Amino acid sequence: MVIVGPPGGRYAVHVGAGASRRLPGILAAREGISRAHLVLDARVARIHGQRVKALARKAGVPISATTVPAGERSKSVRQLARLWREIVSAGCDRDSVVVAVGGGVVGDLAGFAAASIYRGIDLVQVPTTLLAMVDASVGGKTGINIPQGKNLAGAFHQPIAVVMDLDFLRTLPPREAGAGWAEVIKTAAIRDAGLLETLERKRTALRGMEALAVLPVVEACSRIKAAVVAEDEREAGIRRILNFGHTLAHALEAATRYGSLLHGEAVAIGMVFAARLGESLGRTERGTAARLENLLRDYELPTRPPRGISAARVLGAMDLDKKRGPGGLRWVLLARPGEVIITDGIDRSLVQAKLGEFLKTGD
Ligand SMILES: NC(=O)c1ccc[n+]([C@@H]2O[C@H](COP(=O)([O-])OP(=O)(O)OC[C@H]3O[C@@H](n4cnc5c(N)ncnc54)[C@H](O)[C@@H]3O)[C@@H](O)[C@H]2O)c1
Ligand SMILES: [Zn+2]
């Protein structure tokens, strides 16, 4: 178990094969709980819904549920409004708990519904993707997309508990698993050189989602994310190190209109670029980029942008990100594996030149 302790409240992260068996105990232990409203990803509901609902019923409190269509498009005003309506009409009050069961999409959407309905009710996160376990479900960021951009409306709302049942990972489609591994590799790269070695050494067991190998890795990632978040709940400083690989990733996602790359795949490409940029500036230890590339390939992740993306479009997306972003465009570079440098002093024309080269090497 990992304890997360941001100023917004302390909570436990339960990690393990079969960890969702803890759900009834967690709900029952919540004093005065009037109801649990489950919000399930449709695909997860099809595969695991009955088991999760049966577990929730064991808590001995009234249960209701909303199923949300799978996919990023559900992080919408429409689905949020629907959740508000269904949470209220199911009979939830201020003492009810929202239980988000799904990947980051459902976690962000249901989390924002919990943050806003009745000005905020309790939330339990039950992430079912690797990405949601190691990234989205810990840290308290919730939100939806609007036509002007991703995650532009949201709130910080820490859960009262997070349940990471590794059994869910067995049904995860391989590409989604890969996207999760990219964030795992990122976490290791910025903060834990030992974890990076583990990812290299145990790649076969890890890619096969063997619980014995995956458990310490997921725990290590939540511990790192928890530590970073505890220091900086509102992303004013150190939390930015989590954005390693994300400066280019966000721009690539925007330039491809969120069509061809999963977020984690874009992050994989972005990490390679940031490592190369750092090496060419003499700020990243030589060989780091090659090592990252090998590791990413081992986890079947792309290391080059898709062919035919225009540099102008990617730069345009970066400039837009800079205008919008909290604190502007910053590069998170690695000094060496496990150690980062954050800088906003990189010349735009240098980035442009390096980017041009990098895009030409596209897959
Ligand atoms: N709040 C944060 O701090 C934070 C951090 C990172 C990402 N995010 C957000 O998370 C979202 C991405 O999350 P994601 O990668 O989990 O995507 P997702 O929620 O879309 O899930 C990916 C796909 O996997 C399916 N799925 C989920 N669990 C499954 C399982 N156990 N078995 C079979 N299929 C399963 C879903 O139906 C979906 O089709 C993005 O919207 C992103 O903005 C938020
Ligand atoms: Zn990310």
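What you see is a predicted model, and the numbers here were worked out from it, not measured in a lab. Counting convention: from 1, in listed order, for ligands and their atoms alike. FYI, the numbering just counts along the sequence from 1.
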- [ ] Out of R175, E72, H263, indicate the one that has the non-hydrogen atom closest to atom 40 (C) of ligand 1.
- [x] E72
Open item on the list: Quick test of your reading of the model: are R51 and D165 salt-bridged, counting only N-O distances below 4.0 Å?
Closed with: yes
Open item on the list: Can you report which non-hydrogen protein atom sits closest to atom 30 (C) of ligand 1, along with the distance?
Closed with: T171 OG1, 3.5 Å
TODO: Using atom types as modelled and distance alone, determine if a side-chain donor or acceptor of N145 lies under 3.5 Å from a backbone N or O of N151.
DONE: yes
Open item on the list: To make sure I understand the geometry: which N, O or S atom in H263 is closest to the Zn ion (ligand 2)?
Closed with: NE2
TODO: Give the numbers and elements of all ligand 1 atoms closer than 4.0 Å to a heavy atom of A70.
DONE: 37 (O), 39 (O)
Open item on the list: Within the 4.5 Å heavy-atom criterion, are V126 and F168 side-chain neighbours or not?
Closed with: yes
Open item on the list: Suppose I only count heavy atoms of K75 and a 4.0 Å limit; which atoms of ligand 1 are within that range?
Closed with: 9 (C), 40 (C), 41 (O), 42 (C), 43 (O)
Open item on the list: Check D319 with R348, please: is the shortest side-chain N to carboxylate O separation under 4.0 Å?
Closed with: yes
Task: Heavy-atom side-chain contact between M209 and L130 under 4.5 Å - done: yes
Task: K225, portion touching ligand 1 at heavy-atom distance under 4.0 Å - done: side chain
Open item on the list: Heavy atoms only, cut-off 4.0 Å: how does E176 contact ligand 1, side chain, backbone, both, or neither?
Closed with: side chain
Task: Min side-chain heavy-atom separation Q158-V229 under 4.5 Å - done: yes
Open item on the list: Need the ligand 1 atom indices (1-based, order shown) with element for anything under 4.0 Å from a heavy-atom of D41.
Closed with: 36 (C), 37 (O)
Open item on the list: So for K150, does at least one of its heavy atoms come nearer than 4.0 angstrom to any atom of ligand 1?
Closed with: yes
TODO: Can you pull out the closest protein heavy atom to atom 21 (O) of ligand 1? Residue, atom name and distance to 0.1 Å, please.
DONE: T129 CG2, 3.7 Å
- [ ] Determine, using heavy atoms of G102 and all atoms of ligand 1, whether some pair is separated by less than 4.0 Å.
- [x] no
- [ ] Kindly indicate whether a cation-pi arrangement holds for R30 with Y11, taking the cut-offs as under 6.0 Å to the six-membered ring centre and within 45° of the axis.
- [x] no
- [ ] Number the atoms of ligand 1 from 1 as they appear, then name those within less than 4.0 Å of a heavy atom of V44, with their elements.
- [x] 26 (N), 27 (C), 28 (N), 29 (C), 35 (C)
- [ ] Would you please say whether a donor-acceptor pair under 3.5 Å links the side chains of T66 and E86?
- [x] yes
Task: For N151, the ligand 1 atoms whose distance to one of its heavy atoms is below 4.0 Å - done: 43 (O)
Open item on the list: Within this structure, what is the CG-CD distance for the pair D192 and E197, rounded to the nearest 0.5 Å?
Closed with: 9.5 Å
- [ ] Taking only heavy atoms of I47 into account, list the atoms of ligand 1 that are under 4.0 Å away from them.
- [x] 33 (C)
Task: Nearest-contact summary for atom 7 (C) of ligand 1 - protein heavy atom, Å - done: L131 CD2, 3.8 Å
Open item on the list: Restricting to N, O or S atoms, which atom of H246 is closest to the Zn ion (ligand 2)?
Closed with: NE2
- [ ] For D135, take its heavy atoms, then give the atoms of ligand 1 lying under 4.0 Å from any of them.
- [x] 5 (C), 6 (C)
Task: Spacing of OG belonging to S96 relative to NE2 belonging to H37, to within rounding of 0.5 Å - done: 10.0 Å
Task: Heavy-atom check, side chain of H246 versus side chain of K186, under 4.5 Å - done: yes
Task: Region of P127 that comes within reach of ligand 1 [heavy atoms, distance under 4.0 Å] - done: neither
Task: Close N or O approach (V105, ligand 1; < 3.5 Å) - done: yes
- [ ] Looking only at protein heavy atoms, identify the closest one to atom 17 (O) of ligand 1 and say how far it is in Å.
- [x] G104 N, 4.1 Å
Task: Side-chain donor-acceptor pair present, H48, T128, cut-off under 3.5 Å - done: no
Task: Shortest protein heavy-atom distance from atom 25 (C) of ligand 1, along with the residue and atom involved - done: R43 CD, 4.0 Å
- [ ] Sort out for me which residue in R240, R239, K225, R191 forms a salt bridge (Lys or Arg N to Asp or Glu O under 4.0 Å) with E231.
- [x] R191
- [ ] Please find the N/O/S atom of E183 nearest to the Zn ion (ligand 2) and write down its name.
- [x] OE2
- [ ] Among all protein heavy atoms, pick out the one at the shortest distance from atom 28 (N) of ligand 1; state its residue, atom name and that distance to 0.1 Å.
- [x] T128 OG1, 2.7 Å
Open item on the list: Give me the nearest non-hydrogen protein atom to atom 9 (C) of ligand 1 as residue plus atom name, then the distance to 0.1 Å.
Closed with: D108 OD2, 3.4 Å
Task: R203/E300 ion pair, N-O < 4.0 Å - done: no
Open item on the list: Using a 4.0 Å cutoff against the non-hydrogen atoms of F168, which atoms of ligand 1 qualify?
Closed with: 30 (C), 31 (N)
- [ ] Mark the output for R46 as yes if a heavy-atom distance to ligand 1 is under 4.0 Å, and as no if none is.
- [x] no
- [ ] Run through K354, R286, R291 and flag the one making a salt bridge (Lys or Arg N to Asp or Glu O under 4.0 Å) with E279.
- [x] R286
